[in-house]
Amino acid sequence: MDIRSDLKQGRPLLFDGAMGTYFAALPGRAEERCERACLDHPEEVRAIHRAYLEAGCRAVKTNTFSVGADLAQGDEPLAKDIISAACRLAREEAATFEAYVFADLGPAPEDSPLSLADNYCHQADWFLDCGIRHFLVETLPSDDGIPELAHHLKARCPDAYLIVSFAVAPGGVTRYGISGDELYRRTAALPEVDAVGFNCVSGPHHLLEYIQTISPLEKPLSVMPNAGYPPVLGRRTAYHGTPEYFGQKLAQIVQAGASIVGGCCGTTPAHIAQVAKALENPASQAVFAAPAKPEERRSPSVNTLAEKLNSGKRVIAVELDPP
């Protein structure tokens, strides 16, 4: 099964949804680290992979999003143990469904003696040693370390498939204030990168609007939104986006040019099942609004915070990071 040939058939590649928020919703797991569950609660991780595969996804991510933090803190044995266990669990469940398994790498910490590039490359080596050939580096605020990772990965494994995904707010910028469009184009220009896109922070409506403002490139576009924007109820973060709405929006995202889709924070197997259903006939979904005219959208280069500070206005800033 070759992923490049698969994508050329015109059928969208559907990923799974969230692992972290779904695991945290299990009884007694809200305070436990999700990635550590590969070692402490492997059957629960298996069950989550299986639920997404049964819902209709054709690619699952290893439960390894935060392993870069272990590596940055000098705990290499734990990082390797989690990666090894996560790869085994994902591959064994995916085999029954003939689904792809992607190594999942979250943003590497910057406050570490280990550079971002070295952090990503170390993880890539361990994944390759476990037999993984497909990679997703996701929720990135910048492309720091990505050129080095892409070059290193393809030097070791020329057939590896690499997706790079950035986290942009509805205004089109990352939390570092970098334009998503700039990152998209710069990363797509790297010959070793196979697909580029966006995930997390924004829900399906805003990511649909956003990709309609960027000019499509030749490389596949990946889009994996959150279930929506979460209110915090007590100490619990809740997502209220319905699976039906999510499925409809992702079908529209495919119509808008994405060939790789899936779910991020707050999504569940029910969301992915609705996407699979909607993708059976995406043309039957409600027609989405025409792209907004460029002049109607605020330029990401405009810094509204700086404008208010410079004008002497009182500023209140609130930041909400998805779990």
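What's counted below: heavy atoms across the whole structure, side chains too, no hydrogens, waters or symmetry copies. Keep in mind the model is a prediction, meaning the values are calculated, not measured.
When Glu44, Arg29, His41, Met19 are each tested for a side-chain contact (heavy atoms from CB on, under 4.5 Å) with Cys34, only one passes: Met19.
For the residue pair Gly257 and Leu221, the shortest heavy atom distance occurs at O-CB, 4.0 Å.
Proximity of Lys154 to Asp194: side-chain heavy atoms (C-beta onward) are separated by under 4.5 Å at one or more points. Side-chain contact between Tyr184 and Phe198 is present, with at least one heavy-atom pair separated by less than 4.5 Å.
Remark: aromatic rings of Phe102 and Phe15 are close, center separation under 6.0 Å.
At least one donor-acceptor pair closer than 3.5 Å links the side chain of Lys219 to the backbone N or O of Val193. With hydrogens and angles disregarded, no donor-acceptor distance shorter than 3.5 Å links the side chain of Thr21 to the backbone of Ala18. The closest donor-acceptor contact from the side chain of Ser202 to the backbone of Val168 lies under 3.5 Å. Between the side chain of Thr242 and the main chain of Tyr245, a donor-acceptor pair closer than 3.5 Å is present.
More than 12 heavy atoms of other residues, nucleotides or ligands shown are found within 6.0 angstrom of CZ on Arg156. Counting heavy atoms of neighbouring residues, nucleotides and ligands inside a 6.0 Å radius, atom NE2 of His152 exceeds 12 of them.
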Problem set entry | Stepwise side-chain contact (heavy atoms from CB on, under 4.5 Å) check, Leu162 with Leu153 | CA-CA 9 Å; Leu162 175 61; Leu153 180 61; 4.1 Å; yes
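Glu35 and Ser66 form a side-chain donor-acceptor contact under 3.5 Å, judged by distance and modelled atom types alone.
The salt bridge (Lys or Arg N to Asp or Glu O under 4.0 Å) test applied to Asp81 returns no partner, not counting sequence neighbours.
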